[in-house]
There are 2 protein chains.
Amino acid sequence: MAADTAAATALESEEEPVSKRDAIIAGATEIFLGAGYGAASMDAIAQAAGVSKQTVYAHFGAKDTLFEAIIRQKCDDLLAPAVTVGTEDGDVGQVLHDIAERFVNAILSPENMKLFRAIVGESSRFPELADAFYRAGPRLAADVLADYLFDVDAKGELAVPNPKSSAELFFAMLRNDLYMRRVLGIERVPCPNEADTLVGVAVSAFIAAHRKT
Amino acid sequence: MAADTAAATALESEEEPVSKRDAIIAGATEIFLGAGYGAASMDAIAQAAGVSKQTVYAHFGAKDTLFEAIIRQKCDDLLAPAVTVGTEDGDVGQVLHDIAERFVNAILSPENMKLFRAIVGESSRFPELADAFYRAGPRLAADVLADYLFDVDAKGELAVPNPKSSAELFFAMLRNDLYMRRVLGIERVPCPNEADTLVGVAVSAFIAAHRKT
DNA sequence: GTCTATAAAAGGATAGAC
DNA sequence: GTCTATCCTTTTATAGAC
C-alpha cells in the first residue's frame, strides 16, 4: 500500500488525489465536516471521492470507522500549530500576544469550527473522539502554556502562583463572544479586526491580573 | 384545547403529563436532547410520549417543526435565570460573584449542555435556532452585565471604559476548561468544588484587570 | 482493488377507521 | 383527536463480476 501510494504520487498530477484511499479520505472529510455524521451518507461520500461505494467499504469497513479515522486525523492536523509556544524568550507581553494570536487564528478557522461542531454533535455517540479532541487541543495548549507561565513566575516577571489555572483562564478569555458566534454559525465572514481587538483585551487583562504586587 | 388542558390538570396525577400535547413535548425533549436531531426518530419520540406517531404528526406536522418548537422553548426556559442581575446594590465583588455563580450553574447544568450540543450539531440545518440561542443566552447576559458595569464605572468603583467588551470577557472567563470538558461530554460528574474555584479565579482576575489606577 | 447491482432495514410521512 | 396499518424514500451494507 505504501509503495502504491508513492508510485501514484510520482505519476499523478498534483490536483488529483494520489490514491483511491486518499480520495476517500478527502471526500469523507468534506462531507462529514460539512454535514455532520448523521446527515452524511455513504453515497455522498463515495460521490465526493469519485469512487464507488463498495470501494469505501473495502477500505474502511463501516461508516463509524470511517468517521473515527477522519476525525482523529483532523484533530492532529488542525490543533498542532495552535499549541506551540514558539520563541519563549523576549518580553512576556509579546510572547503571550503571539501565543494568543496563533490560538485565536487556529480555533476560529472554518476547518476547526466544522471539526468542533461535528465532534460536539456526536459526543454521546463517539465519546472517545471528544476526548481525543480535548487532549490534542485545549488540554495540550493549556499544559504547554502552564509550563511557560511557571518559568515566567520563577523569573519574577509575573506572579503566577497557579500556572495550570492561569493557563486555562488565558485560553478561556480567548474563547470570547466572537468564538461563540462562530461556533453557532452566526458569524460567517472572517473579522480580523475584532479578533485582534479581542487578543489585545485578553492579554492586557491577563497581565493586569498577574502583575507582581 | 385550553379547557381540555385545564381539566386534565385537575384530574390527572402529577406524575403523568396533563395532555397529549404536553406528553409529546416532554417525550420529544427527552429524545431530541438525548440523541440529537439526526439520531432521534419519530418512532422513538412517539414511544417516549406514550402516544402514536400519527398523533405527533397531527400536533406538529413534521420532524423539523417539532424540533424547532422544542428547542425554542428550551432556550427560553433554561437561559432566563442566568441573565438576571439580581440585587445590583452592594459590594461590586459580591455582585459579580453572585452573577458568576448563577451563570456557571446555568451553563453547566446537564439540560443546558444537551441543549447546546443539539443546537451546535445542527447549526447548519437550523441557523435560526442557533441565533435564538445566542440572543437568549450569551448576548442577553452580556448586555445585562454591560449595563451594570456602565453604572459601576460611573460610580467610580471600577474602571470600565468599554462595558460591552468587559462583559463579554467576564463570561468568557467563566466558560473555562471545565465548561469545555462538559460540552465535550468528558466530565460526567458534577464538580461543585471546581466550579466554585473557577468563579473565584475569574472574579478576582476581572477585578484586578479593572481596578482604578 | 474496483465497479454495478441489489439486498435489507430504518425512518419520515400518510390513509382510513373510530 | 387518536390509533393501527401502510407507503415509499433514503441509507447502510453486501454479492458477485471483472
Side-chain angles (χ1 to χ4, degrees), chain A residues 1-9 11-12 16-28 30-32 34-71 118 121-122 125-126, chain B residues 1-9 11-12 16-28 30-32 34-71 118 121-122 125-126:
Chain A
M1 189 173 59
D4 179 13
T5 304
T9 306
L11 294 175
E12 298 277 343
E16 291 296 314
V18 286
S19 70
K20 296 281 183 185
R21 188 183 179 84
D22 288 350
I24 294 169
I25 291 176
E30 178 193 336
I31 300 296
F32 273 137
Y37 180 78
S41 76
M42 294 298 266
D43 288 272
I45 290 171
Q47 188 173 359
V51 158
S52 88
K53 202 164 45 168
Q54 177 60 24
T55 303
V56 178
Y57 278 96
H59 278 276
F60 292 94
K63 188 185 179 183
D64 54 358
T65 315
L66 178 57
F67 185 68
E68 280 201 34
I70 298 299
I71 298 298
E122 300 298 330
R125 203 201 299 243
F126 299 96
Chain B
M1 188 174 65
D4 178 14
T5 303
T9 305
L11 295 174
E12 298 276 343
E16 291 297 313
V18 285
S19 69
K20 296 281 182 186
R21 186 181 179 83
D22 289 350
I24 295 169
I25 291 175
E30 178 192 336
I31 301 296
F32 274 137
Y37 180 78
S41 76
M42 294 298 268
D43 288 270
I45 290 171
Q47 189 174 358
V51 158
S52 87
K53 201 163 48 165
Q54 177 60 22
T55 303
V56 178
Y57 277 95
H59 279 275
F60 291 94
K63 188 184 179 183
D64 54 358
T65 314
L66 178 57
F67 186 68
E68 280 201 32
I70 298 299
I71 298 298
E122 300 296 329
R125 204 201 297 244
F126 298 96

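From a predicted model like this one, the values you see are computed outputs, not experimental measurements. Protein chains get the first letters and strands the later ones, always in sequence-line order, with residue 1 at the start of each.
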Are any protein N/O atoms closer than 3.5 Å to N/O atoms in nucleotides 14-18 of chain C? If there are, list each pair with its distance.
{"residue": "C:dT14", "atom": "O4", "partner": "B:Q54", "partner atom": "OE1", "Å": "3.3"}

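Put simply, CZ on B:F60 is 11 Å from P on D:dT2, counting in whole angstrom units. What separates NE2 of B:H59 from P of C:dG12 is a distance of 19 Å, to the nearest Å. Between the C1' atom of D:dT2 and the CD1 atom of B:I24 lies a distance of 10 Å, rounded to the nearest Å. Distance CZ (B:F67) to P (C:dA13): 14 Å, rounded to an integer number of Å. Going from atom CG of B:D64 over to atom C1' of C:dG12 covers 11 Å, rounded to whole Å. As rounded to whole Å, 6 Å separates atom P of C:dT2 from atom NZ of A:K20.
Checked against side-chain contact (heavy atoms from CB on, under 4.5 Å), B:A44 has the following partners two or more places apart in sequence or in another chain: B:I31, B:S41. With sequence neighbours left out, B:D43 forms a salt bridge (charged side-chain N to carboxylate O under 4.0 Å, His left out) with B:K53. Judged as a ring-ring contact (aromatic ring centres under 6.0 Å, His included), and not counting sequence neighbours, the contacts of B:F126 are B:Y37, B:F67. Applying the side chain to side chain donor-acceptor pair (under 3.5 Å) criterion to B:T65, with sequence neighbours excluded, gives no partner residue. Residues meeting the ring-ring contact (aromatic ring centres under 6.0 Å, His included) test with A:F60, sequence neighbours left out: none. Remark: B:K63 pairs with no residue by the salt bridge (charged side-chain N to carboxylate O under 4.0 Å, His left out) rule, at least two apart or across chains. In this structure, A:Q47 has no side-chain contact (heavy atoms from CB on, under 4.5 Å) partners at least two apart in sequence or on a different chain.
For DNA chain C, the neighbouring residues in residues 39-48 of chain B, judged by any heavy atom under 4.0 Å, are B:A40, B:S41, B:M42.
The two residues B:V56 and B:L66 make their nearest non-hydrogen contact at CG1-CD2, 3.9 Å.
For A:T55 and C:dG1, the shortest distance from a side-chain N or O to OP1 or OP2 is not below 4.0 Å.
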